[in-house]
Amino acid sequence: MRYWLMKTEPNEFSIDDLANRPNQSEPWDGVRNYQARNFMRDDMQIGDQVLFYHSRIDPSVVGMATVSKTSHPDFTAWDKTNKHFDPRSTPEKPLWFMVEVTFQSKFPEPIPLKEIKEIPGLEKMMLIKKGCRLSIQPVTKEEFEIIVAIGDESTPK
DNA sequence: GCCAACGTTGGC
DNA sequence: GCCAACGTTGGC
């Protein structure tokens, strides 16, 4: 089993949106970066654990999800009306791929990026490397467990 | 909203 | 294959 961090802008798609979906599941469409695509296409397996990250607006890890469906073509790429339309991708020869993720839990309190930068053991996380914009990142088991332990022990206000 | 850092594109 | 120009990401 592998561990990942997936970024989304909460005004586009938040952890609450995921929790409110039918089956609490959603295809992770719209990724148009080759490295991120390759992680989804080649490496992500059902049951992999995901840290759900909100970027730009209160940047923070806000909960957990799991991979519930492995790589399949991202059909939004061949929809002309879609924001992420890419004419190079066709149903016959898809260029972009996505996995499906399923809601697992929302932390009582988000763990802000600012805090993550100061937690011992997380120094090597890709997330806190300057200028790293990758929207899907591998995370080690140790990093995952440190973050989840903090997330789970945070208490509601 | 700004802008630095990055990835991609395309002319040569 | 280089690299300037461009578009995007994402913290602040």
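Below, chains carry the letters A, B, ... as their sequence lines are ordered, and counting in each starts from 1. Given the structure is predicted, the values throughout are model-derived calculations rather than measurements.
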(message) By the 4.0 Å heavy-atom rule, please label Arg37(A) as base, sugar-phosphate, or nothing.
(response) nothing

(request) Would you kindly give the CD1-to-C1' distance between Ile128(A) and dA5(B), to the nearest whole Å? (result) 17 Å

(request) Compute whether any side-chain donor of one residue and acceptor of the other, for Thr76(A) and Arg32(A), lie under 3.5 angstrom apart. (result)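 The answer is yes; a qualifying pair exists.
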
(request) Compute the ring centroids of Phe75(A) and Trp96(A), then answer whether they are less than 6.0 Å apart. (result) no

(request) Identify, with sequence neighbours excluded, every residue that meets ring-ring contact (aromatic ring centres under 6.0 Å, His included) alongside Phe39(A). (result)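 For Phe39(A), the residues satisfying ring-ring contact (aromatic ring centres under 6.0 Å, His included) (neighbours in sequence not counted) are Trp4(A).
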
(request) Check the surroundings of atom CZ in Phe13(A): do more than 12 heavy atoms from other residues, nucleotides or ligands lie under 6.0 Å from it? (result) yes

(request) To the nearest 0.5 Å, tell me how far Met126(A) CE sits from Ile136(A) CD1. (result)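 Those atoms lie 11.5 Å apart.
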
(message) Generate the contact string for nucleotides 6-12 of chain C. Rules: B means base contact, S means sugar-phosphate contact only, - means no protein heavy atom under 4.0 Å.
(response) -BBBBBB

